[in-house]
Amino acid sequence: MRSTQLFSKTLREDPAEAETASHRLMLRAGMISQVAAGVYTSLPLALRAMRKIEAIIRKEMDASGGQEVRMPSLQPVEIWRETGREAGFGDNLFRLKDRRLRDMVLAPTHEEVVTSLARSNISSYRDLPSMVYQIQTKFRDEPRPRAGLIRVREFDMKDAYSFDADEESLDITYRKMLEAYNTIFARCGLPTLAVEADSGAIGGKDSHEFILPAESGEDTILTCSNCGYAANAERARSQKPPMKLEPEGDLDLVETQGIETIQALAEFLKIPSSKTLKAVFYMADGEMVLITIRGDLEVNEIKLKNLLHAKELRLATPEESQAAGLTPGYTSPIGKNNVRLVGDDSINLGNNFAVGGNKPGYHYVNANFPRDFAVETVGDIALAEDGHGCPVCGTSLTTVRGIEVGHVFKLGTYFTETLKANFLDAQGQQRPIIMGCYGIGVGRLLAGAIEQNHDDKGIIFPAPIAPYEVHLLSLNPQDPEVGSAAEELYSRLERAGYEVLYDDRTESAGVKFNDADLLGLPVRLVVSGRNIKQGAVEAKRRQDAEGSLVPLNEVELALAKLLA
RNA sequence: CGGGGUAUGGCGCAGCCCGGUAGCGCGCUAAGAUGGGGUCUUAGAGGCCCUCGGUUCGAAUCCGAGUACCCCGACCA
């Protein structure tokens with residue numbers, strides 16, 4: 001491709017709206033163009049990179065026994081009602097009406113349709129296991145699209161769905177997919193971390209996310225450098241900092257006028273925050289729940305939601321707390337019987353806690369569980385944090401920020417049961433098919449790749465997903481000698497099958513070098529008067545500081561080395 | 001949904017406080033010079049100043065109501 005013909009242009013200045021590196025660079029490089037919040041046009045350079053990612057994905061999915069299909073985005077709302085996910089997705093679901101005023105949705109994912117498909121195509125254990133996948137557009141009305149292609153409302157996703165007869169078979173499929181995913185990301189030149197993840201409201205046993213480490217990422221991961229444990233903070237378990245047990249003291253009420261936060265309480269009483277218990281008020285499916293957790297820990301709402309089997313969970317409003325007789329800053333579970341009481345298991349780690357006095361201006365000291373208060377349920381509902389112990393080996397956990405680029409889960413039989421996708425087993429019994437699903441965000445992976453691979457001058461594309469392999473610059477194409485040498489080299493490389501972006505513009509050398517750095521193609525070839533005099537071109541990899549002169553007739557040899 | 005911010009040629013911005021019919025840089029067009037890190041000169045083209053309403057002889061500018069986009073949060077009492 002000649003630069004003079006390329007549809008998009010680079011920008012000399014940073015677009016004002018873009019703060020995240022990948023967003024800024026993709027706009028400047030002329031890869032994407034915004035249409036609305038979270039809605040983008042992919043220009044030729046971005047599309048080529050995405051096609052390369054897709055090709056890698058297809059190859060691995062096919063190799064794992066997947067068969068490509070194409071399901072529609074436009075779907076009747078009824079199947080979403082059947083599975084309960086019309087409500088589940090809520091406002092994230094794009095809705096529209098057709099001309100007969102029937103309710104339709106733009107699909108955010110395809111479990112409903114694929115399960116219906118399985119119902120009509122799979123009837124016997126002989127049809128299992130099997131897997132279909134597609135690379136197709138998803139629509140999700142995200143509350144807050146952000147950072148260019150990182151979080152958008154319309155995006156391409158590879159989604160695969162597996163069908164198995166039993167759990168053992170699903171295990172095999174699942175492990176095969178974990179491997180395929182590792183291969184895909186490795187082949188894209190992108191190191192990812194497979195981490196344990198929350199499987200969401202639908203349930204299912206195992207779930208892993210593939211995280212691309214990046215500072216700008218939205219996910220927080222806890223990892224153990226010793227045993228390799230890695231989990232999303234949403235569900236990570238941890239060994240909470242232990243506290244020495246003391247001889248139990250007598251429960252006592254002390255005056256603490258104006259002391260309303262854990263921090264103030266700890267300072268006032270000259271004790272660590274881990275010697276306090278804090279009370280947090282939630283509404284779980286409309287019911288007030290009082291959470292008690294050690295003062296140095298935070299509530300993990302996802303863990304809490306899972307523990308309570310709640311559909312909807314949110315913090316209680318001040319009015320709701322008031323109505324339940326809970327005094328902000330001074331509440332404890334002691335003597336409470338008008339609300340549900342739930343405790344984090346940290347209430348067992350330590351004793352003689354300071355807790356709210358249940359009247360303004362007072363706190364109890366030496367509160368002990370279960371001597372002084374009861375709770376309906378005790379469970380792990382605390383957020384795992386940097387420095388906590390690894391749940392497997394006890395080593396101190398560290399946190400990493402990252403971008404979720406893939407997610408795999410064992411779905412089990414939720415969809416096949418509600419949509420009655422059964423098969424006949426060898427004994428002639430009807431049983432629900434067991435499903436797994438596996439997604440990769442193509443555009444997000446591209447953005448993540450740039451997030452991870454750039455410097456202050458621009459993108460540094462991993463070779464396997466670069467829009468072109470070679471950036472051929474002709475400095476001063478007006479010069480007949482340079483011009484014809486560059487033209488010859490260009491057509492020679494094209495014929496040899498290289499993907500070349502040929503900067504044939506009559507721009508100054510500086511402009512061309514800067515644009516080449518911005519686009520970040522793996523190898524840059526420079527044809528100039530001074531190189532040609534020596535019968536050579538300069539070859540330089542984007543990530544290297546210096547290039548080297550290569551004789552004209554050895555360019556292919558050099559490229560083979562530099563692109564390896 | 002809550003908070004903050006922005007909206008003026010393709011991009012980045014000034015002008016607004018103090019109302020008088022729009023300007024700068026980049027990019028674009030043309031010509032010439034230059035030719036290894038955003039080079040220089042000259043001449044041009046390009047704007048319902050987000051929308052609607054109001055005030056006024058007159059509104060990019062003042063007032064009101066919208067809309068869009070960006071950022072933060074959606075979490076501890």
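Hydrogens, waters and symmetry mates are skipped; everything else that's a heavy atom, side chains included, is used. Fair warning: this is a prediction, and the values are worked out from it, not measured in the lab. Residue numbering restarts at 1 for every chain, and letters A, B, ... go by the order of the sequence lines.
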- Of the nucleotides B/G38, B/G37, B/C75, which one has an atom closest to the side chain of A/Glu301? B/C75
- Taking only the side-chain heavy atoms of A/Lys457 (C-beta and beyond), determine which of B/C69, B/G37, B/C76 contains the nearest atom. B/G37
- Examine A/Arg48 relative to A/Tyr468 and say whether NZ or CZ is less than 6.0 Å from the centre of the six-membered ring and inside a 45° cone about the ring axis. yes
Quantified in whole Å, what is the [atom1] atom distance between nucleotide [N] and nucleotide [M]?
N: B/U6; M: B/U21; atom1: P; value: 26 Å
N: B/A7; M: B/C49; atom1: P; value: 15 Å
N: B/U42; M: B/U34; atom1: C1'; value: 15 Å
N: B/A68; M: B/G23; atom1: P; value: 32 Å
N: B/G38; M: B/C26; atom1: C1'; value: 10 Å
N: B/A22; M: B/U39; atom1: C1'; value: 30 Å

[X] [atom1] - [N] [atom2] separation (whole Å):
X: A/Asp296; N: B/C76; atom1: CG; atom2: C1'; result: 13 Å
X: A/Lys9; N: B/U29; atom1: NZ; atom2: C1'; result: 12 Å
X: A/Met283; N: B/C75; atom1: CE; atom2: P; result: 14 Å
X: A/Leu27; N: B/G27; atom1: CG; atom2: P; result: 19 Å
X: A/Ile32; N: B/C70; atom1: CD1; atom2: P; result: 11 Å
X: A/Tyr330; N: B/A77; atom1: OH; atom2: P; result: 13 Å
X: A/Asp91; N: B/C1; atom1: CG; atom2: C1'; result: 10 Å
X: A/Arg28; N: B/G27; atom1: CZ; atom2: P; result: 13 Å

At under 4.0 Å, does any side-chain N or O of [X] touch on OP1 or OP2 of [N]?
X: A/Gln478; N: B/U34; answer: no
X: A/Arg144; N: B/C72; answer: yes
X: A/Arg12; N: B/G38; answer: no

- Item | Distance-minimising heavy-atom pair for A/Leu106 and A/Leu93 | O-CD1, 4.4 Å
- Angle class for the A/His363/A/Tyr330 ring planes (parallel below 30°, perpendicular above 60°, tilted otherwise)? tilted
- Note on the structure: On RNA chain B, more 5' by nearest nucleotide between A/Glu538 and A/Leu297 is A/Glu538
- Note on the structure: The answer to which of A/Ala18 and A/Asn531 contacts RNA chain B further toward the 5' end, by nearest nucleotide, is A/Asn531
- Task: Summarise how protein sits on nucleotides 42-48 of chain B as a single string, 5' to 3': B when a protein heavy atom is under 4.0 Å from the base, S for sugar-phosphate-only contact, - for no contact.
- Result: -------
- Complement of B/A65, any strand, by Watson-Crick or G-U distances under 3.5 angstrom: B/U51
